[in-house]
Amino acid sequence: MAHGGYGTAYQQTIVSSSKSRGVYIVLGLLLGCLGVHNFYAGYNGKGIAQLLISLTFVGLIVTAFWALIEIITVNTDASGMPMS
């Protein structure tokens, strides 16, 4: 048999994040204005930005919408692994 991988079987392993999508959503709903859900998922830069922006009343409204959009659209943690 020739070398180069012909005739060999490959197994595909699917690895998922240790982060829970449900926990991410609950944190986003309860503490999303403060960016807690982003800290949980490892997006520390976005979490700090949300925390700092929410210090004003207008910023609090902006981060509330921002958090709502994120809990609907974000499915992976900061390392790119799908949240289970």
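FYI, side chains are in, hydrogens and waters are out, and symmetry mates aren't considered; it's all heavy atoms of this structure. Note that the structure is predicted; figures quoted are calculated from it, not measured.
- Closest heavy-atom contact between Ala67 and Gly28: CB-O, 4.2 Å.
- Clustering ILVMFWY residues whenever any of their side-chain heavy atoms sit less than 4.5 angstrom apart, transitively, puts Leu34 in the very cluster that holds Leu68.
- The salt bridge (Lys or Arg N to Asp or Glu O under 4.0 Å) analysis of residues 51-62, with sequence neighbours excluded, yields no pairs.
- Pairs engaging residues 22-32 under the salt bridge (Lys or Arg N to Asp or Glu O under 4.0 Å) rule: none recorded [sequence neighbours left out].
- The list of ring pair (Phe, Tyr, Trp, His ring centres under 6.0 Å) pairs with a residue in residues 17-37, not counting sequence neighbours, reads Tyr24-His37.
- Linking ILVMFWY residues whenever their side-chain heavy atoms come closer than 4.5 Å, directly or via other members, places Ile72 and Ile25 in the same cluster.
- Listed by chain and number, the residues in a side chain to side chain donor-acceptor pair (under 3.5 Å) with Asn75 are Arg21 (sequence neighbours excluded).
- Considering all non-hydrogen atoms of both residues, Ser54 and Thr63 come closest at CB-OG1, 3.7 Å.
- Apart from Phe39 itself, the hydrophobic cluster it occupies contains Ile48, Leu52, Leu55, where clustering links Ile, Leu, Val, Met, Phe, Trp and Tyr at side-chain heavy-atom distances under 4.5 Å.
- Leu31 is not connected to Val62 by any chain of hydrophobic side-chain contacts under 4.5 Å among Ile, Leu, Val, Met, Phe, Trp and Tyr, and they are in different clusters.
- Placement of Val74 and Leu51 within a single hydrophobic cluster is found when ILVMFWY residues are connected by side-chain heavy-atom separations under 4.5 Å, directly or transitively.
- Val23 meets the side chain to side chain contact (heavy atoms under 4.5 Å, CB included) test with Ser20, Leu27, Tyr40; sequence neighbours excluded.
- Cluster annotation: Ile71 is connected to Met83 through the hydrophobic network of ILVMFWY side chains, with a link wherever side-chain heavy atoms come within less than 4.5 Å.
- Remark: Ser79 pairs with Asp77 by the side chain to side chain donor-acceptor pair (under 3.5 Å) rule, at least two apart or across chains.
- Every salt bridge (Lys or Arg N to Asp or Glu O under 4.0 Å) that Lys46 has, sequence neighbours left out, goes to Glu70.
- Checked against side chain to side chain contact (heavy atoms under 4.5 Å, CB included), Leu30 has the following partners two or more places apart in sequence or in another chain: Val26.
- Under a 4.5 Å side-chain heavy-atom cut-off, the cluster of Ile, Leu, Val, Met, Phe, Trp and Tyr residues that includes Phe57 is completed by Ile61, Phe65.
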